[in-house]
Amino acid sequence: MINGYVTISSLSSYEGKKATLAGWLYNSRSSGKIQFLIIRDGTGLCQCVVEKGKVPDELFDKLERLGQESSLTVTGTIRADQRSVGGYELAATDAQIISLAEGYPITPKSHGIDFLLKHRHLHLRSQRQWCIGKVRHTVIDAIRRFFNDNGFTLIDTPIFTTIIGEDQQTLFEVDYFGTPLYLTQTGQLYLESAAMSFGRVYCFGPTFRAEKSKTRRHLTEFWMVEPEVAFIDLDGLLELAENFVSFIVAQVLQNNKSQLETLGADIAALEKVKPPFYRLTYTEAVDILTSPKTRDFLAEELQEMQNQKQQLESKIAELEKQQTGQLKQWEVDKIAAELIELRSDLAETDTKIENNPKHAKLAAEFQWGKDLGGSDETIISQMHDKPVFVTHYPKEAKAFYMKTDRQNEKVTLNFDLLAPAGFGEIIGGSVREDDYERLLNRIRQQGLNPEPYSWYLDLRKYGSVPHGGFGLGVERTVAWITGEKHIRQCIAFPRMMDKIYI
Ligand code: 4AD
Ligand code: MG
């Protein structure tokens, strides 16, 4: 109950009772004698049934003309109805219109993504964005809960930074009173310093990368959580990461089942996300990429996509034929919406068909020593039904701070965690180089000036210990869990290389 209004999420305790809902008109239809108003109030959707004669005629007429997203309160009796959205409906006896909305630009018909991003301030009200926002909320809550309950101390690391944390190529430079500084790419280096005080720490905040790529996996501003632990080795990190990710998924399954269903997420696959995850070394991953098994796997995938393309084309042709018949307005809208969906699926299938041979070639010709590319990660992750750790990457392909494996100096003690079913990397992490001389050499080898790193090097002078950590990207995790294809849908106001809409 808020301010005397009953929230839709609490309707189960109002069965048979009178209640007043306050919200917005999500959708409506009328048969002349009876109207069905779908109201959303931020906690869910509820169908309100307005019968002629049960409310004053004047009100009935007003409601019939009410535009989508008008705000109103509706009073009536709550009854259970399995067919109704949310499982309950309201038999209206009264309503009050708070504010009229006319010509709401986002209709129940689908729109293109550019249009929706330009109208993000309104599109956030859509069912899909609402469901994703709810899942994201749970993911963030689970992140904090996991670390808080496992002896980690939160350390807020700075956003203006004096040193390059990850990659020189993706820095956002800021003019800080005449001195160039960078927006943070990672809190890790600062966190390492805090780990030497608190033992187990984490930071959680916005992260900036001038990614010059327009892929579905990259934002220029995203949220990353990073734990850092003193006295931990690679096995310890993998265990921490798999427990952490399993906890997040379990929390979402517990709190957001209905949103996952609405989004069409693969709930059965999420239920499998429990430790232990698969573990591959980079070298094993390369063997997989270049194996005949992968070649066959990709050929099969191509065949499947071609079949899918045919099915989509025939469905589209069928609907286009239906469009020419005598139809009611709601049928016209429904077909138009389905067509937009199908055409966007078709475009996506076409892209996949086009990319398949390119990705197959990249995989087949993969040379040991390179970093895994997006398509390589996708292939490995498609071949697994649970998240996969890939460990021990070549030193040259990875950041300067990663500890060299003393058993094999060519590789580092690091890992990426790939989400299954083609989603790719959601975590990157490593044991940190804790030897002063080796770290200094790595900084120099990567062409970095050691001077600004002097404080970071100090940590190796005063009681250096084995330590490590990782970073998990929130948007990629939400995209994977919800089955959303593009991470721009997993943050309320996305920032991308070429586009900032609002
Ligand atoms: O693998 P990354 O670059 O690792 C680090 O930044 C380490 N310093 C973390 C650590 O060890 N403390 O980034 C970690 C994760 C990626 O796996 C990905 O989920 C996310 O951050 N990420 C991005 N998400 C969205 N857009 C981008 N441009 C991203 N770049 C990285
Ligand atoms: Mg990475």
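In each ligand, atom 1 is the first atom listed, and ligand 1 is the first ligand listed.
The main-chain N or O of F423 is found under 3.5 Å from a side-chain atom of S381 such that the two form a donor-acceptor pair.
In the model, D385 has a side-chain atom that pairs as donor or acceptor with a side-chain atom of Y278 under 3.5 Å.
Listed by first and then second residue, the salt bridge (charged side-chain N to carboxylate O under 4.0 Å, His left out) pairs that reach into residues 117-144 are E69-R125, R128-E484, R136-E475, D141-R145, sequence neighbours excluded. Sorted by first and then second residue, the salt bridge (charged side-chain N to carboxylate O under 4.0 Å, His left out) pairs with a member in residues 223-238 read E228-R432; sequence neighbours excluded.
Residues R279 and E242 are paired through a salt bridge, judged by an N-O separation under 4.0 Å between the basic side chain and the carboxylate. Between D435 and R460 there is no salt bridge, since none of the side-chain N atoms of the basic residue sits less than 4.0 Å from a carboxylate O of the acidic one. At a threshold of 4.0 Å, the pair D296-K293 does not count as salt-bridged, since none of the basic side-chain nitrogens sits closer than that to a carboxylate oxygen.
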What do the steps show when you test N256 against T138 for side-chain hydrogen bond (donor to acceptor under 3.5 Å, both in side chains), and what is the final call? CA-CA 8 Å; N256 304 95; T138 302; 2.6 Å; yes
Show your reasoning for whether side-chain hydrogen bond (donor to acceptor under 3.5 Å, both in side chains) applies to E192 and Q188. CA-CA 6 Å; E192 285 182 51; Q188 178 201 318; 2.9 Å; yes
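Listed by chain and number, E166, T186, Q188, R209, E211, R217, H218, L219, F222, M224, E226, Y401, E425, I426, I427, G428, G429, R432, G469, F470, G471, G473, R476, I487 each place a non-hydrogen atom less than 4.0 angstrom from ligand 1.
The Mg ion (ligand 2) has E425 OE2 as its protein N, O or S neighbours under 2.8 Å.
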